[in-house]
Amino acid sequence: MIASILPSISPGTLLAGGITAAAASLWLLLPRGRSAAADRTARWLGWLLGVVALATFIATGHRLGSVGEEAVFLTVSLVAVISGAATVVSRSPVYAAIWFAMALAGVAGVLLVLGGQFLGVATIVVYAGAILVMFLFVLMLAQPAGLAPYDRVSNEPLLAAVAGAVLLGVLSLSIGRLTAEPPACCMMGGTKAALLAGSSSAAEPTTAAAAGIDMLADNHVARLGGELFGRHLLAVEVAGVLLLVALIGSIAIVSRGAADAEPTVARRVAP
Amino acid sequence: MNLLADVVAPAPLVLNGLVVGAILFALGLVGILARRNLIVMFLCAELMLQGISVSLVSWSRHHGDWGGHVLVIFVLTVAACEAAVALVFVLQAFARTGRLDAAAWQSLRESNLSRTIDRELPAIDTVPPKFPKLTPAGIEPAADEDALLEREHV
């Protein structure tokens, strides 16, 4: 929509500008131990740039068929991305964990829209219900009162933001090439194109339309279970063993570490 | 050359899902590189896993099979194991240093890297939180100290 209003700007340039804005926004938002007033200004600017970046991403995104589907997808993905950004830049780790729960809700919505009904619910139950609560327990055990100095500074915020922007740029480039028409791909040398085709998605059979609709059928969970316990039964058993090993391992580390930690502290204090 | 002609271009929904996954992964990467709190670093790693899950389900939708879904289930399982073991390590690290700081372990760095030295941070205007105050109602009965000590039921 916005791209049609601004016909002079190509989508690629728009996307590059959006990624740059996102990186600058993260750089401004990351904690860097500034004074309170400077921090407030930087945060305000950072969120503004973040809104600009999100608008660019929305403008360069692909239009879905119906308005309703588009609105739902836009809402849940915005919740996921904004909460994810807030997780990364929150000063207090407790707030970061709560923003992460919000991001999980958004991701679960995205998975639901994409047709992963079981996975959307499982994400909420396993992540928000179990893993996040574990994080909060550890925070309650280990978090000092107030804001610790190491929560107010970052390691190389500029380099980190640039690294994220480069990664996002490379990923967007490769996602953008998926939509390219076959003639555009075939303009490169024949051997290179064949190599690319052999190494990437062309090797697998694409049965997009028919099976994709089938995936959203009523017996979704039953069919997923059939696939999981039929073709991937051995992997399920291995995953069960992995869970058991992780359980025993964490208990062993806790009980041995409790005996170990005491003399270490004493030794460190003594000299 | 004709191999590429057979490839069905992904639907718009799949492409948008891939973009959302990429954004989440990049956000997690920035967080894990920049933040110093061990727990926030793990939260950012989990955010990267969420981006991977969204991408996998998008591809599963594109190809119309269950591979991506099954892989996401295993990602969930491994994430649970990883969180359990990693949080135990974080607790041990906290027990040894008293800080949740990644830089507390900088003695493990390469010998040619310089030491991280924290500069003095400007003070933050800490406003003490205002908690609601309950107004006392009625008359406070005289407490019997023996009764308080000998109470049988909680």
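Every chain is numbered from 1 and lettered A, B, ... according to where its sequence line falls, protein lines coming before strand lines.
Between A:Ile253 and B:Leu91, every side-chain heavy-atom pair lies at or beyond the 4.5 Å cut-off. Between B:His69 and A:Phe118 there is no side-chain heavy-atom pair separated by less than 4.5 Å. Counting heavy atoms from C-beta on, the side chains of B:Val19 and A:Leu171 never come closer than 4.5 Å. For the pair A:Val138 and B:Val88, the minimum side-chain heavy-atom distance is 4.5 Å or more. Side-chain contact between B:Leu76 and A:Tyr127: present, with at least one pair of heavy atoms (C-beta onward) separated by less than 4.5 Å. With a 4.5 Å cut-off on side-chain heavy atoms, A:Leu141 and B:Phe94 do not count as touching.
Neither the backbone nor the side chain of A:Ser172 comes within contact range of chain B; no heavy atom of the residue lies under 4.5 Å from a heavy atom of that chain. In this structure, chain A has no heavy atom under 4.5 Å from any part of B:Leu38. Contacts between A:Phe57 and chain B at a heavy-atom distance below 4.5 Å involve the side chain alone, from C-beta outward. For B:Leu15, the parts lying near chain A are the backbone and the side chain together; criterion is any non-hydrogen pair under 4.5 Å. With a 4.5 angstrom heavy-atom cutoff, A:Ala148 does not touch chain B via any of its atoms. When heavy atoms are compared at a cutoff of 4.5 Å, B:Ala79 approaches chain A by way of both its backbone and its side chain. With a threshold of 4.5 angstrom between heavy atoms, A:Leu104 approaches chain B through side-chain atoms but not through N, CA, C or O. In this structure, no portion of B:Ile32 lies under 4.5 Å from any heavy atom of chain A. Using a 4.5 Å cut-off between heavy atoms, A:Leu30 contacts chain B through its side chain alone, with no backbone atom that close. With a threshold of 4.5 angstrom between heavy atoms, A:Phe135 approaches chain B through its backbone and through its side chain. If you measure heavy-atom distances from A:Val238 to chain B, you find no contacts under 4.5 Å at all. Neither the backbone nor the side chain of A:Ile251 has a heavy atom closer than 4.5 Å to any heavy atom of chain B. If you measure heavy-atom distances from A:Leu167 to chain B, the contacts under 4.5 Å come from the side chain alone. Proximity to chain B is absent for every atom of A:Glu70, based on heavy atoms less than 4.5 angstrom apart. For a residue to count as touching a neighbouring chain, one of its non-hydrogen atoms must lie under 4.5 Å from one of that chain's; by this rule A:Ala22 does not touch chain B.
Each of A:Val236, A:Leu159, A:Ile19, A:Asp39 has some count of heavy-atom pairs under 4.5 Å with chain B, and the biggest count is that of A:Val236. Note on A:Ala235, A:Ala23, A:Gly240: by heavy-atom pairs under 4.5 Å with chain B, the leading option is A:Ala235. Among the candidates A:Thr123, A:Leu139, A:Val89, the residue making the largest number of heavy-atom pairs closer than 4.5 Å to chain B is A:Leu139. Looking only at heavy-atom pairs under 4.5 Å with chain B, the residue among A:Val81, A:Thr87, A:Val126 that has the most is A:Val81. Heavy-atom pairs under 4.5 Å with chain B peak, among A:Ser77, A:Ser90, A:Ala122, at A:Ser90. The most heavy-atom pairs under 4.5 Å with chain B, out of A:Pro149, A:Ala130, A:Ala160, A:Ala246, come from A:Ala160.
Summarising the geometry of A:Ser250 relative to B:Val85, their closest heavy-atom pair is CB-CA, 4.5 Å, with the distance given to 0.1 Å. Across all their heavy atoms, B:Ala26 and A:Gly164 have their closest contact at CB-O, 3.8 Å.
A donor-acceptor pair is defined here as one N or O able to donate and one able to accept, closer than 3.5 Å; such a pair exists between the side chain of A:Tyr150 and the backbone of B:Leu100.
Here CD1 of A:Ile175 is found 5.0 Å from CG of B:Leu18. Values are rounded to the nearest 0.5 Å. Atom OG1 of B:Thr77 and atom CG of A:Leu242 lie 8.0 Å apart (nearest 0.5 Å).
Screening residues 133-142 of chain B for salt bridge (Lys or Arg N to Asp or Glu O under 4.0 Å), with sequence neighbours left out, gives no hits. Contacts classified as salt bridge (Lys or Arg N to Asp or Glu O under 4.0 Å) and involving residues 28-41 of chain B (residues at least two apart or in different chains) are given here: B:Arg36-B:Asp101, B:Arg36-B:Asp118. Contacts classified as salt bridge (Lys or Arg N to Asp or Glu O under 4.0 Å) and involving residues 155-168 of chain A (residues at least two apart or in different chains) are not found.
Heavy atoms of other residues, nucleotides or ligands lying less than 6.0 angstrom from CG of B:Leu108 number more than 12. For CZ of B:Arg109, the number of neighbouring non-hydrogen atoms (other residues, nucleotides, ligands) closer than 6.0 Å is greater than 12.
Of all residues spanning residues 39-46 of chain B, those with a heavy atom less than 4.5 Å away from chain A's heavy atoms are B:Ile39, B:Val40, B:Phe42, B:Leu43, B:Cys44, B:Glu46, arranged by number.
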Exercise for review: Test B:Leu33 against A:Asn155 for side-chain contact (heavy atoms from CB on, under 4.5 Å), laying out the working first.
Suggested key: CA-CA 7 Å; B:Leu33 287 177; A:Asn155 277 334; over 6 Å; no
Point to revise | Residues A:His62, B:Leu13; criterion side-chain contact (heavy atoms from CB on, under 4.5 Å); working and verdict | key: CA-CA 8 Å; A:His62 296 268; B:Leu13 183 63; over 6 Å; no
Exercise for review: Decide yes or no on side-chain contact (heavy atoms from CB on, under 4.5 Å) for B:Val57 and A:Val110, but give the supporting numbers first.
Suggested key: CA-CA 10 Å; B:Val57 173; A:Val110 174; over 6 Å; no
